[in-house]
Amino acid sequence: MANTEHEKPRPKKQRRSGELRENDAAAAERRRRIDAERRQLPAWAARDKLLALLQQHRTLVLVGETGSGKTTQIPQFLLAAKFGKSSGSKGAVPDDGADEGAAAGPGPGSARTAATAPAAGGHRAYGGGQCIAVTQPRRVAAMTVARRVAEEMGTKIGQQVGYAIRFEDVTSPATRIKYMTDGLLLREALVDPLLSRYRVVVIDEAHERTVHTDVLLGLIKGVQARRGDDFRLVVMSATLDAARFVDYFPGAVAALVRGRQFPVQVLYTARPEDNYLDAAINATLQVHGEEPEGDVLVFLTGQDEIDSAERLLKDRLSSLPAAARMAGVVGAAAELPGEEAAEGGGGGVEGGGGGPAAAEAAAAVGGRPRELLVLPIYAALPPEQQMKVFEPAPPGTRKAILATNIAETSITIPGVRYVIDTGHVKARDYNAKLGLESLAVVPVSQAQARQRSGRAGREGPGKAYRLYTEADFSQLAATTPPEITRCNLASVVLQLKAMGIDDVLGFDFMDPPPRTAILRSLELLFALGALDNSGKLTEEVGLRLSRLPVDPMFGRVLLAAAELGCGVEALAVVAMVSADNVFHTPRQKEAEWRAARLKFLSREGDHLTLLNVFRGFMELPKESHKARTGWCSDNFINIRALRKAEDIYTQLVRFMGHPCPPGLGLPLATCGDETTPLRRALTAGLFPHAARLQPDGSYRVIATGRQVFLHPSSVLLERKPDCLVFNELMHTTRTYARDATAIEARWLPELAPAFFAAKASAATAGVSAAGAAR
DNA sequence: GGGTTAGGGT
């Protein structure tokens, strides 16, 4: 994430007595200003109403539009109303429901709780839970919002208000409001299935429907049934889909808090565009030529597309005479959306939104910039290049930001007044029947289009140009299907099993995933030895895998590595594959990055190549930021991805090596430069993804018989070993196997006997055999 | 012979 890189630790305040009064005066003034700002927020006006609703209902669904202040204010209201309080003091809601859960007898999860909760003896006393948890889908949001709220409350971060994200826990026993990622709360639920330390859980940005949010919603529904009246749930969503949540939670009530978004004028094209990339470039040039100042944000689908759009735009700009660049001349070839429809007017505050006329009036202030700065932004872009989009455009210039959907929710770019929406997005999908992920450009949903348009109205009235017709818009899906219905569920199913939820197929999901996806995951977990014949979690493998914060197949690699004496290497490899792609491969510099990669290349495969990169990075002086960034940029390595791999590595080392429990207490030996133990460990976890070479140069997945191709990024592309294991299948133009390592076929029946045993001879002969063993 | 949207984890 772009912002993360620039989070600086706050400078320690040196308070000498002479400065004290001045500082205090400044601080008091600051508090006064913050307080005044708070009172202006729409959420403030709704305070009493919301608290009253929450006295009477166990679930409050709060639709808070952008700018309502819900994320910062609601938790403070809850705290002030004693929903989060120091132990002992009586809250606004009586505590006498505290024993209901226990009285209701053991529900799902109690058996596992007894086995894993720190305090042995079954139920922990959740009556003591007095904290307010507020979940966010993203780490940066959890961090920054917590800091803001701590400031508003005049406390130090980590005291009354804190946050917890992976690798970082800034909370203390005094913490009453805890901002955290949804994934982290899910992890906590693993050892504390009743969420006993929380009096209230607030699920923010619920409309995003991340996998973690959806699983949490399901778990909390069960928690509510068992904890009774001492527990409250607040679901906060930015869109008007409250009914879905209200229907799902018994007795839930909904409330709406208006936002403070400026009006955005939405324009559609009169006719469908046959090339949205060309259309986007034309539209950008025309906005630049005709509209008053304000930056342009263009939504495209991926890195390649952004790179070529950048080139095309720059070419068009440089071919224009300097005088024409600033005038409307460039619009000749463009046909900007003509039909208009005001949208989001309801989101406007004072005076009910303004509409197109107000937009024109406000936007007309200031002159038309001369120069257009073209800036790309996507997650894989090196941090220093990412930062450029946050710098204000110099006087007389305008920024055109070419973005992926990173700019939809993850980052907010100041200065944007114009949005160009191509109406497309690259989206991941999962075909459970084939065990296949795919990545394809698809039309956006209406909700997504609205989210994009809204980005034009953060700082003033704006305009959104949709490069499709209004009729096309009306045909779009209302919302994007929740991620849980289109992803691999191995981890989710394992977590549920670990929480004692044995009937995963019967779990009360808000939107149930396809049955085949759950069945697939159960089969995989069984093959890995995480589940026994009756579908119960096994102590030896399943329980351990559920504790490891990595994909179950990689977790299995780690357990095998501990036995095979290559724990250190396997941890590094698993950390690397768990992080994002570390290789930066700009198309224009192909020769350079290929040359740079040579020094890490292992002829045994991609996993060992990644190990070499990791080792190279770890050899650098850790304290020298300069050495590290220099090394990364010289080698076309994404430093953000590598730092993350390093964090994961550290976390895994601590966890694997730490005595059990809470760690796994496994030995971490090194195999040095010997690769066989590591490749065998990889085989022991990735065997469902073993494939044999075919005469035509393609591969056949042994477990399924499916034909796949080695991904062009693989170091094995030329060598084409007879047998390999790979991380994942991805369907783009063809079905590709990514991240592969050469193995010996005879290891398969040896390392995964239950999977390959019966058909061992057939498997080694390259015949698709083990499919039946599933 | 050819290519990786965005998030997230005790």
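We name chains A, B, ... by the order of the sequence lines, and we start the count at 1 in each one. Worth saying up front: this structure is predicted, and the values here are computed from it rather than measured.
The shortest distance between the side-chain N/O atoms of A/Thr733 and the OP1/OP2 oxygens of B/dG2 is not below 4.0 Å. An OP1 or OP2 oxygen of B/dA6 is reached within less than 4.0 angstrom by a side-chain nitrogen or oxygen of A/Thr404. When the side-chain nitrogen and oxygen atoms of A/Thr301 are compared with OP1 and OP2 of B/dT5, none of them lie within a distance under 4.0 Å. At the phosphate of B/dT10, OP1 or OP2 sits under 4.0 Å from a side-chain N or O atom of A/Arg166. Dashed line: the shortest gap from a side-chain N or O of A/Ser713 to OP1 or OP2 of B/dT4 is not under 4.0 Å. In this model, the phosphate group of B/dG3 is not approached by any side-chain N or O of A/Arg734 to a distance below 4.0 Å at OP1 or OP2. The side chain of A/Tyr736 contributes an N or O atom lying less than 4.0 Å from OP1 or OP2 of B/dG3.
Every residue meeting the salt bridge (Lys or Arg N to Asp or Glu O under 4.0 Å) condition with A/Glu408, not counting sequence neighbours, appears here in chain and number order: A/Arg452. Judged as a salt bridge (Lys or Arg N to Asp or Glu O under 4.0 Å), and not counting sequence neighbours, the contacts of A/Arg544 are A/Glu540.
The nucleotide whose nearest atom lies closest to any side-chain atom of A/Gln651 is, among B/dG3, B/dT10, B/dG8, B/dT10. Each of B/dT5, B/dG3, B/dG8 was ranked by its minimum atom distance to the side chain of A/Thr585; first place goes to B/dG3. When the nucleotides B/dT5, B/dG8, B/dA6 are ranked by their closest atom to the side chain of A/Ser410, B/dA6 comes out on top.
A salt bridge does not link A/Glu437 with A/Arg738: none of the charged nitrogens is closer than 4.0 Å to a carboxylate oxygen. Look at A/Asp214 and A/Arg209 and you find a salt bridge, because one of the NZ, NE, NH1 or NH2 atoms lies within 4.0 Å of a carboxylate O, short of that distance. Salt bridge annotation for A/Glu168-A/Arg139: absent, with no cationic side-chain nitrogen under 4.0 angstrom from a carboxylate oxygen.
To the nearest angstrom, C1' of B/dA6 lies 12 Å from CZ of A/Arg640. If you measure from atom CG of A/Asp551 to atom C1' of B/dG7, you get 16 Å, rounded to the nearest angstrom.
Nucleic acid contact class of A/Val211 (heavy atoms, under 4.0 Å, all strands): none.
Counting distance only, with no hydrogens placed and no angle test, the side-chain atoms of A/Arg594 and the base atoms of B/dG3 include a donor-acceptor pair under 3.5 Å. Below the 3.5 angstrom threshold, one finds a donor paired with an acceptor across the side chain of A/Arg738 and the base of B/dT4.
Separating the CG atom in A/Leu611 from the CG atom in A/Asp606 is a distance of 12.5 Å, to the nearest 0.5 Å.
The stretch residues 481-492 of chain A touches DNA chain B through A/Glu483, each having a heavy atom within less than 4.0 Å of the strand.
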Before you tell me yes or no, could you show the steps for A/His607 and A/Asn727 under side chain to side chain donor-acceptor pair (under 3.5 Å), namely the whole-Å CA-CA distance, both residues' side-chain angles and the distance that decides it to 0.1 Å? CA-CA 9 Å; A/His607 296 102; A/Asn727 284 0; 2.7 Å; yes
